[in-house]
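Below: one structure, written as structure tokens.
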Amino acid sequence: MARGPASSLFRLYASKKSISRFRVLVWNQYLSSAGSYDRSISPSFPFCPAFDGPNRPFSTSLRDLVRLRLPPQSPKVMGSETLDAKPFSTAVGDEDEDVNDNSAYSSTMVESECDFDADAGKNVEFELEDSARNLSNCEDRDDDDEGLICDSMMVESENGDDNVSSVKPLSFVHVASREPAELYRELRNAEKGAKQRRSDWDSLQEIFRYFGNSGWASDQSLAIYIGRSFFPTAVHNFRNFFFKKCSADVARYVVSLGPSDDAVEFLFPVFVEYCLEEFPDEIKRFRGMIESADLTKPHTWFPFARAMKRKIVYHCGPTNSGKTYNALQSFMEAKKGIYCSPLRLLAMEVFDKVNGNGVYCSLHTGQEKKFVPFSNHVACTVEMVSTDELYDVAVIDEIQMMADPYRGFAWTRALLGLKADEIHLCGDPSVLDIVRKICSETGDELYVHHYERFKPLVVEAKTLLGDLKNVRSGDCVVAFSRREVFEVKIAIEKHTNHRCCVIYGALPPETRRQQANLFNDQNNEYDVLVATDAVGMGLNLNIRRVVFYGLAKYNGDKTVAVPASQVKQIAGRAGRRGSIYPDGLTTTLNLDDLAYLIECLKQPFDEVKKVGLFPFFEQVELFAGKMPNVTFCQLLEKFSENCRLDGSYFLCRHDHIKKVASMLQKVPELSLEDRFNFCFAPVNIRDPKAMYHLLRFASSYSQNLPVNIAMGIPKGSARNNKELLDLETKHQVLSMYMWLSHHFKEETFPYWKKAEAMATDIAELLGMSLANANWKPESRAAESQKFQQKRDSYDRPRSLIKVYEKKRQDRSVQHELSEKVAA
Ligand SMILES: Nc1ncnc2c1ncn2[C@@H]1O[C@H](COP(=O)(O)OP(=O)(O)OP(=O)(O)O)[C@@H](O)[C@H]1O
């Protein structure tokens with residue numbers, strides 16, 4: 001992968017042998033190519049997440065001569081009229097720069113350009129204030145830091161008149177034009193620093209404080225492996241060193257710059273020299289840590305896949321356009337194939353469908369391994385993909401999920417690592433460009449097939465006019481919370497003759513399928529589906545019309561408008577080729593939401609700039625070797641702080657993993673690998689019961705005891721919301737047990753068969769419970785209270801559009817007013 005100039009800077013800085021000038025040259029090169037700091041560059045240079053400091057380099061090339069002037073406003077240092085300030089570095093590449101642009105300084109600069117000698121600056125005379133200065137009494141100062149400095153540094157009093165020989169005008173090589181390495185050597189070799197006036201001393205204090213707070217300096221320091229946590233200590237020591245050793249001319253120059261970005265830029269290269277010499281161990285340690293957290297060039301992690309010339313076929317289009325159908329044709333025709341699904345449910349669907357077509361196919365998900373004898377095909381969830389096996393054809397469904405903040409890494413891994421001659425990607429166009437980029441890195445051939453919906457999706461402008469009585473047979477009403485799903489179901493069943501099936505995320509795949517089948521079957525009374533966004537993927541449904549109950553959802557923090565891509569995906573479920581409703585319709589419950597729905601459907605797919613990555617266990621293990629004595633949770637935090645990524649990748653969010661990791665701190669006996677695996681177990685971190693069971697499983701495991709399920713199953717279906725929730729939790733715990741049994745040695749989780757049977761029973765009970773569910777989810781007092789609190793802050797926006805329009809109107813009124821005022 002092409003890396004920006006910043007990363008070459010990184011490499012150069014990494015070597016202590018590189019001489020300062022060379023480094024400065026590279027830096028200048030980087031800047032001249034960038035023009036100025038470009039925030040968009042920073043992602044490719046992970047150590048510089050944002051250049052929020054000075055917008056100049058620390059090194060001055062010829063183009064920067066202008067900036068090396070002594071500030072004319074400075075009363076303390078007055079430069080001679082023909083100030084030939086020279087940079088301390090010469091960037092040959094900058095010779096073409098048009099320095100005459102700056103009229104105020106053009107004449108001096110033209111001259112300095114002609115006379116420029118890289119190795120020596122010109123003498124510059126400065127007039128210094130002529131009053132004699134006295135040493136101040138250090139004991140006057142009550143500040144601790146200052147006291148520390150007073151030990152090593154002479155302070156002149158502003159108005160004192162004795163103790164100090166009067167300072168004579170100095171004639172010196174201009175400080176700004178000196179090589180940082182040379183300047184540093186001079187400071188280091190000085191026996192002691194010059195006496196300073198109190199005001200200068202105060203200014204220097206301020207300047208170093210400014211330096212220590214500079215995000216820019218802290219970011220740049222990472223390039224020499226001075227970590228963010230060590231940076232303040234390094235600055236503190238550097239400051240003490242500077243005060244101890246600094247000569248009068250250097251101090252004056254720094255003071256003349258004041259607490260400013262200019263001062264930071266000037267001091268930074270000297271600071272670099274100081275750090276390289278003073279902190280070799282710290283640098284080595286941090287460097288080792290950084291190198292072990294290197295997630296750059298992920299395509300090189302799969303050398304076998306790289307040795308192949310793979311053909312990538314991108315089936316690109318909206319929902320219900322035949323992408324998966326076509327990819328599956330190639331899959332079934334292959335001698336050996338793998339289908340990678342985003343959901344267990346979809347893997348099961350494909351497993352059934354492919355076997356139904358007479359092609360033996362096994363099923364492999366986190367929770368189950370169904371091996372079909374003689375099968376050369378496998379349908380799996382994307383996390384379970386094997387990058388060791390060789391395949392003729394692989395299908396990766398919903399490829400746009402590469403950009404998913406939590407799970408994206410699984411798709412990225414599958415795309416980069418699959419050893420298949422032909423890989424079919426199915427998805428919307430949002431990741432097409434980034435896939436193209438990845439293919440250019442991997443050397444794979446990319447073919448793109450574009451698709452259109454079989455039948456266009458039609459928006460019904462009438463809406464349901466806010467009344468659920470207008471629901472019709474074949475409708476799928478989409479709400480964005482489990483509570484709303486039940487509210488809608490109860491309302492429809494109470495006020496109409498329709499019966500509702502329900503689908504939401506917490507239901508096991510088996511139950512979702514059972515509900516989908518109930519809905520698809522035309523020979524029963526269940527003709528309406530009420531679902532959350534879980535309906536967007538993986539189910540073959542006969543939906544005539546998708547009705548949005550609302551278009552806002554609570555994201556755990558606040559209520560937000562449902563993103564356009566999600567609205568499109570869900571609305572696209574309406575109408576399906578081969579079903580009884582081939583034409584798709586969509587609308588909203590309330591007229592107010594209609595405009596937002598139309599706006600979403602019209603919006604093109606956003607182009608994804610980055611896709612997810614997450615380290616393998618081996619990478620985390622390597623990193624752990626550099627970070628002894630930290631908890632696993634801290635280890636993950638440190639890893640995400642320090643990992644390096646190329647510009648096309650982001651580190652997937654792992655808050656849920658950290659939450660599990662911090663709970664598992666209670667089980668100290670777990671090895672790092674076991675801990676890592678336990679953290680990936682599918683658990684709802686907001687469900688304390690499920691978390692409790694995970695902790696119990698982990699502690700039994702750590703004691704080498706066979707892990708018990710230790711859970712009973714209710715005899716009948718749920719009679720209220722509490723019992724329904726209990727069934728859902730129980731199924732999740734069993735599913736977790738099954739997952740663990742497939743990820744750890746089988747003998748440690750010996751009851752997986754029992755767990756499987758129990759899970760099947762519970763899924764059935766859940767199906768029966770849902771068929772009869774006519775209770776309000778609010779029946780549980782505590783739950784109702786919780787929801788009430790949420791409700792206060794969570795008012796389902798009846799009209800997002802109205803809100804927008806009102807804002808727009810307000811703005812235009814304001815605009816008119818301001819125009820009137822201006823007139
Ligand atoms: N050539 C075809 N012949 C018969 N049926 C087809 C054909 N292409 C697609 N279908 C049917 O159309 C429906 C939608 O196709 P498919 O699932 O491949 O669409 P998709 O673009 O992958 O949509 P989604 O992303 O929603 O899965 C399926 O039921 C599929 O069986």
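Just so you know, ligand 1 is whichever comes first in the structure, and atom 1 is the first atom listed for that ligand.
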Give yes if a backbone or side-chain nitrogen or oxygen of Arg577 is under 3.5 Å from a nitrogen or oxygen of ligand 1, and no if not.
yes

With atoms numbered from 1 as shown, which atoms in ligand 1 lie under 4.0 angstrom from a non-hydrogen atom of Pro318?
21 (O)

Out of all atoms in ligand 1, which are within 4.0 Å of some heavy atom of Thr324? Include the element for each.
18 (O), 20 (P), 22 (O), 27 (O)

Electrostatic pair Glu445:Lys311 at N-O distance under 4.0 angstrom:
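Not counted as a salt bridge, because no side-chain N and carboxylate O are separated by less than 4.0 Å.
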
Would you call Asp392-Lys335 a salt bridge at under 4.0 Å N-O?
no

Can you tell me if CG on Asp655 sees more than 12 non-hydrogen neighbours from other groups inside 6.0 Å?
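Count over threshold, so yes.
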
Taking everything shown except Phe616 itself, do over 12 heavy atoms lie less than 6.0 Å from its CZ?
yes

Counting non-hydrogen protein atoms only, what is the nearest one to atom 19 (O) of ligand 1? Give residue, atom name and distance.
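Answer for atom 19 (O) of ligand 1: Gly322 N, 3.1 Å.
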
Atom 30 (C) of ligand 1: nearest protein contact (heavy atom, Å):
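Protein heavy atom at minimum distance: Tyr325 CD1, 4.0 Å.
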
With a 4.0 Å cut-off on heavy atoms, does Arg573 reach ligand 1?
yes

Please confirm whether Phe454 comes under 4.0 Å of ligand 1, counting heavy atoms of the residue only.
yes

With respect to atom 24 (P) of ligand 1, which of Asp428, Leu328, Leu541, Asn320 exhibits the smallest heavy-atom separation?
Asn320

Counting heavy atoms only, which of Glu349, Lys323, Arg576, His315 comes nearest to atom 17 (O) of ligand 1?
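Closest candidate by heavy-atom distance is Arg576.
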
Hits for side-chain contact (heavy atoms from CB on, under 4.5 Å) against Arg577, two or more places apart or cross-chain, chain-then-number order -> Asn320, Phe454

Would the distance check show the side chain of Asp404 and the main-chain N or O of Arg407 forming a donor-acceptor pair, the cut-off being under 3.5 Å?
yes

Sequence neighbours left out, what passes side-chain hydrogen bond (donor to acceptor under 3.5 Å, both in side chains) with Asp475? Give chain and number order.
Arg544, Arg545

